[in-house]
Amino acid sequence: YIILILMKKICFIRFGPTSTTLGNRFDPWWFTKNGFEVFFWDISHLFFSDENIKNYYPSKEYKFQGPNHKIFYNYKNFFSNLDSLDKNTIILYGNRNPFLHKKDNKIIEYLFNNFKFIIPIQFETNCLFQNFYRKIKQKIGLYKHYYHSKKYNFVANIGCGRIGRYYSDKIYSNSNFLSIPSPSVIWRDTNQKIIKEKYILFVDQNFYYQPDAMLSSSKFCNNIDGYYDRMKKYFDFIENTTGFEIVIGCSGRYIFEDGFFNKRKIIYDKTLELIQKSELVIGHNSMALYQALISNKPILLLDDPDFTKLQNYGNIYMSNILNTKFYSNQLLNKDIYKQTVDRDTQLNTKIIKDYFFEDYETQEAYDFKHVLKNYFDKIVKQNYK
């Protein structure tokens, strides 16, 4: 029994920098309070420039700090630290989840030569595209990922939804699929009524400061001021059409100047809670929009003429997951609003089961960490029988 306690170790390996939002979703500190020794290791400097990683964080507060947190700047130091871990440490792997995002042959080979329990982990399930060309491209991609991973017998693959299971079966046919309820949403109503009056929520994607853009030196909007001017005019139209005020939900990584949205309320770091009580959710390509599905709120997706090709790809991606169209923010049409609010909620149920929790309706979506803990306890006990 004492040996079991000592051997219950988890090492998170992060291939990219970790924001507080993402780090809190992983919640490695919870595992430290529930019987595990946890290591949170950042190897992003092996794949991104120091300058881009620095630019990713708008402030010190945005940078997540995990238990036994280490940042590695070269392979030699990383491998040396891996050697110090117990060989039965559970490796929660931030790549091949199930898709291969970074060239990791050197790392994956080293891990499989030294550890028993290597488990890719992914919270967001890639969408299945409907467009014929994209479908073919996606099938080729699935085969490519299968080819790169077929010789590795991962003990399990952690993911969400029926489509998450589909990807796992295609790529890791010999591995268990550990199905979890997505931690990207709030499953239970928090009953937080932040605003008393009825309102419509705009989920701000914020093009002035986007960490992902900073990390990859990319651009998502060509004329940010012009974009926000058009959105403010659209807000005027929606407010006049519905009689509800528009509230702006922001992540908090960028603080707007007072009155920026023509004196509309700006609320930071409460977007998911605000969605739960809203009448309608407006946005583009933000993971926060997933909460609208869980809370059965109508979603209005808007396009803008200054969005770049990269942003438009994200919009197509979001449109495929949410199964709804994008509309121009210059098209002031009341029929679009009516079509949006008349959406069949059964469609939401299907999407939730596909992408967020495959046992939705038949099983309560309790905290995913309990699912992982039960599984980790099981494989550790089996190993020491």
Side-chain angles (χ1 to χ4, degrees), residues 10 12 18-36 38 64 90 92-94 97-99 119-128 154-169 171-172 175-192 203 270-277 281 286-297 299 317-318 320-323 345-379:
I10 299 172
F12 289 82
T18 308
S19 67
T20 50
T21 302
L22 181 57
N24 289 335
R25 285 194 189 124
F26 281 116
D27 202 2
W29 290 104
W30 182 91
F31 291 96
T32 66
K33 297 171 184 175
N34 287 273
F36 293 86
V38 179
F64 181 75
I90 295 164
L92 292 185
Y93 196 61
N97 42 14
F99 297 101
I119 306 175
I121 181 169
Q122 172 71 337
F123 292 157
E124 183 170 6
T125 303
N126 285 10
C127 78
L128 281 176
F154 294 98
V155 64
N157 175 48
I158 299 168
C160 305
R162 294 183 295 201
I163 291 174
R165 182 180 292 277
Y166 165 77
Y167 288 140
S168 184
D169 290 346
I171 299 171
Y172 306 132
S175 301
N176 294 321
F177 179 68
L178 190 53
S179 182
I180 62 170
S182 171
S184 299
V185 297
I186 301 172
W187 289 98
R188 293 190 179 99
D189 193 333
T190 59
N191 288 318
Q192 283 193 47
V203 177
K270 288 288 182 183
T271 301
L272 301 189
E273 292 86 350
L274 286 165
I275 287 173
Q276 287 187 326
K277 302 298 179 186
V281 181
S286 167
M287 286 177 62
L289 296 174
Y290 300 154
Q291 184 64 45
L293 293 169
I294 310 303
S295 301
N296 264 326
K297 302 298 179 181
I299 306 166
Y317 179 93
M318 186 60 64
N320 274 266
I321 285 188
L322 300 180
N323 200 347
T345 57
Q346 285 301 308
L347 181 56
N348 289 352
T349 300
K350 179 184 180 302
I351 297 169
I352 291 168
K353 291 167 79 171
D354 280 347
Y355 291 99
F356 300 94
F357 186 34
E358 61 181 339
D359 294 323
Y360 185 69
E361 290 189 311
T362 62
Q363 181 179 318
E364 184 182 2
Y366 60 98
D367 195 321
F368 82 99
K369 296 185 290 292
H370 293 282
V371 180
L372 298 190
K373 181 184 181 302
N374 291 341
Y375 181 75
F376 296 160
D377 285 342
K378 177 183 174 184
I379 61 174

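- Inspection of the Y167 and Q122 side chains reveals no N or O donor paired with an N or O acceptor under 3.5 Å.
- Of all the heavy atoms in F177 and R165, the pair that sits closest is CZ-N, 3.4 Å.
- K373 is linked by a side chain to side chain donor-acceptor pair (under 3.5 Å) to D377, counting only residues two or more places apart in sequence or in another chain.
- Residues I158 and L372 form a side-chain contact, since some pair of their non-hydrogen atoms from C-beta on lies under 4.5 Å apart.
- At a threshold of 4.5 Å between non-hydrogen side-chain atoms, the residues D359 and E364 do not count as touching.
- Among all heavy-atom pairs drawn from C127 and N320, the shortest one is SG-CB, 3.9 Å.
- Between N97 and I121 the shortest side-chain heavy-atom distance does not fall below 4.5 Å.
- A distance of 5.0 Å separates CG in L322 from CG in L293, rounded to the nearest 0.5 Å.
- Residues passing the side chain to side chain contact (heavy atoms under 4.5 Å, CB included) test with I186 are T190, L272, E273, Q276, Q291, sequence neighbours excluded.
- Remark: side-chain polar atoms of T32 are not paired, donor with acceptor, to backbone N or O of V38 under 3.5 angstrom.
- Nearest heavy-atom pair, M287 versus E124, reported as atom, atom and distance to 0.1 Å: SD-OE1, 3.3 Å.
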Going by atom type alone, with no hydrogens or angles, which donor-acceptor pairs under 3.5 Å involve a side-chain atom of residues 22-29 and a protein atom two or more places apart or on another chain?
residue : atom : partner : partner atom : Å
N24     : ND2  : T20     : O            : 3.0
D27     : OD2  : K369    : NZ           : 3.3
W29     : NE1  : Q65     : O            : 2.9

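- Here the side chains of F123 and I180 are in contact, with some heavy-atom distance below 4.5 Å.
- Residues L128 and Y355 share a closest heavy-atom pair of N-OH, 3.0 Å.
- In this structure the side chain of N348 never reaches within 4.5 angstrom of the side chain of Y360, judged on heavy atoms.
- Using a distance-only test at 3.5 Å, with no hydrogens or angles considered, a donor-acceptor pair links the side chain of S182 to the main chain of S184.
- Between S168 and P98, the shortest heavy-atom distance links the atoms N-CG, 4.5 Å.
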